[in-house]
Amino acid sequence: MIPDPSALSSEIPGRADAADADRPVPRHLLPDSAAVLPDGSLAVGGCPVSELAAEFATPLFVYDEEHLRARCREAVATFGGGVAYAAKAFLCLAMARLVHEEGMDLDVATGGEMHVALAAGVPPERLVLHGNNKSDAELVRAREVGVGRIVVDSFDELDRLDRLHTADGRVPAVLMRATPGVEAHTHEFVRTGQIDSKFGFGVASGDLDKAVERAASSPAVDLVGVHAHIGSQVFVAEFFRQAIEVIAPWVRDLDLPELSIGGGLGVPYVAGEEAPTIAQWGRVILDACRAAGIRSRVTAEPGRSIAAQAAMTLYTVGTIKEIPGVRTYVSVDGGMSDNPRPVLYGSGYEAFLPRAVDAPRPRRVTVVGKHCESGDLLVRDAQVTADLRVGDLLATPVTGAYGQSMGSNYNKVSRPAVVFVRNGDARLVVRRETDDDLLRYDV
């Protein structure tokens, strides 16, 4: 059972006890459609995983399309129109179309993400443009195409919007991004709501007051609300309540039509972690807004909670190196180029063999990539079956967010393909890069 988010502790959930470590991979970490076939192997979206690897090669991102759609529908049912998918979690043409088809807006953080969304056919009025350092070119294009809302992040950005308005007279709808001074208990690199942040207008410093007053009286923008975001991978509902209480006066007293609480809802990555559902999280947010006297439209920007558990990454084991009494290294054909989160944040993952989903995993190994870095770790303390061998297919679940999107070509490794699976069909949505692709931009 996932607990009521209002009752969650102030501690970030951790890994299961060592006594539980040899158990099969927890089913709640797998995509919704994951099923065990009669031979004990895994299928996702009705497609045997081994066949996907044989057809598309590894490394490979496999997304359960129905899982993605179900989470989008849950978000829309919870928050209503205006809830936006945070595209930075995972974006390609197919994902943009899917999210739009399910009734969500898209939160785009750069001109590049905006370009992908527009190329996918998403109407510009369904886009919310973010960014702490938007360029003139990004603001010009957003205003020209008619982006639905621009989240203003600084006084310098207001200066740019004033200057652009003088030139062309366009008046975009904007939200002021507040920095509420709430320190969520998450990794320091993904906290955004604390006083010392590169994002937004500080409440404690009085900057939000000044920004709202300026925007409200400016002919260059149409102030429609306030935005806040306290960080990513947040499990504790109380932090969201605190942020709402801090910024409520600006929305309530000015009778602004919209409050966006951003995203940041955490998801479980390893055994022993639990997190609220989008619906549970949304109830906490909406209840806190009503308690604070906010009667405006309340929107949100879930990303990780839409995409993360929808996917897994498939690798092929290439070498196994045992150092007696120290550790066993299992090297796979990917690594930090397709999942930099363990290197950046020390993030934990599970690993399992798709040929034996429900088998005990008594063997402790360290799963590493093929890059020329000792820090190229994927799973530091992975539990795998005792008979793991070279050539095995190995999977890491919950890789649908911030894996493909943060990937790189480090060591000139080509980036993996992405497939969506549903009802027994697999469709390629991002092709695997070739060696010639690595030369494409050289002059």
Side-chain angles (χ1 to χ4, degrees), residues 4-8 10 75 78-84 86 105 107 128 130 132 148-155 158 173-186 191-197 199-218 221-232 234-265 276 278-302:
D4 180 346
S6 64
L8 290 176
S10 61
T78 300
F79 289 99
V83 63
D105 290 1
D107 147 16
V128 184
H130 279 267
N132 67 297
R149 273 114 61 222
I150 296 175
V151 180
V152 176
D153 212 280
S154 68
F155 291 110
L158 285 172
V174 302
L175 305 174
M176 294 292 107
R177 178 160 178 169
T179 308
V182 174
E183 285 204 28
H185 289 186
T186 186
R191 295 178 196 150
T192 58
Q194 71 276 13
I195 291 174
D196 183 5
S197 173
F199 297 103
F201 298 98
V203 172
S205 67
D207 281 351
L208 181 60
D209 248 340
K210 297 173 186 175
V212 167
E213 182 178 355
R214 175 174 167 179
S217 61
S218 172
V221 297
D222 175 19
L223 177 63
V224 298
V226 175
H227 178 283
H229 183 78
I230 61 173
S232 295
V234 180
F235 290 89
V236 185
E238 182 59 29
F239 296 132
F240 293 102
R241 281 202 193 88
Q242 291 173 15
I244 289 166
E245 290 170 359
V246 169
I247 62 179
W250 285 271
V251 181
R252 182 186 62 228
D253 298 349
L254 295 176
D255 197 24
L256 296 175
E258 181 176 346
L259 166 65
S260 174
I261 195 60
L265 174 63
I278 294 172
Q280 290 171 329
W281 173 63
R283 284 197 295 272
V284 170
I285 298 298
L286 296 172
D287 288 348
C289 287
R290 300 310 171 226
I294 295 172
R295 297 293 177 263
S296 311
R297 179 174 73 160
V298 177
T299 57
E301 296 163 350

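Quick note: numbers below take in every heavy atom, side chains included, and nothing from hydrogens, waters or symmetry partners.
- Here the closest non-hydrogen pair linking I230 and F239 is CD1-CB, 3.6 Å.
- For the pair V284 and P276, the minimum side-chain heavy-atom distance is 4.5 Å or more.
- Contact annotation: the side chain of V83 never approaches that of T78 to less than 4.5 Å [non-hydrogen atoms, C-beta and beyond].
- Atoms CD1 and CD, on I244 and Q242 in that order, are 10.5 Å from each other to the nearest 0.5 Å.
- Residues P302 and L265 fail the side-chain proximity criterion, which asks for heavy atoms closer than 4.5 Å.
- Proximity of M176 to V221: side-chain heavy atoms (C-beta onward) are nowhere separated by under 4.5 Å.
- Residues A300 and W281 come closest through the heavy atom pair CB-CH2, 3.9 Å.
- Residues V203 and P180 come closest through the heavy atom pair CG2-CA, 3.9 Å.
- Among all heavy-atom pairs drawn from D207 and F155, the shortest one is O-CZ, 3.6 Å.
- Between the CZ atom in R149 and the OG1 atom in T299 there is a gap of 5.5 Å [rounded to 0.5 Å].
- When all heavy atoms of A288 and R241 are compared, the closest pair comes out as CB-CG, 3.9 Å.
- To the nearest 0.5 angstrom, E258 atom CD is 10.5 Å from L223 atom CG.
- Residues E301 and S260 are in side-chain contact: their nearest non-hydrogen atoms beyond the backbone lie under 4.5 Å apart.
- The backbone N or O of L259 lies less than 3.5 Å from no partner atom in the side chain of S296, so there is not a single donor-acceptor pair.
- In this structure the side chain of V212 never reaches within 4.5 angstrom of the side chain of F201, judged on heavy atoms.
- Rounding to the nearest 0.5 Å places CG of D222 at 11.0 Å from CD1 of I150.
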Using the side-chain contact (heavy atoms from CB on, under 4.5 Å) rule, take S218 and L158 through it: C-alpha gap first, then chi angles, then the decisive distance, then the call.
-> CA-CA 9 Å; S218 172; L158 285 172; over 6 Å; no

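- One finds the CD1 atom of I294 at 10.0 Å from the CG atom of D253 (value rounded to the nearest 0.5 Å).
- Rounded to the nearest 0.5 Å, atoms NE2 (H227) and CZ (R177) are 5.5 Å apart.
- Listed here is the closest heavy atom pair of A178 and L208: CB-CD2, 3.6 Å.
- In this structure, H229 has its ring center no closer than 6.0 Å to that of H130.
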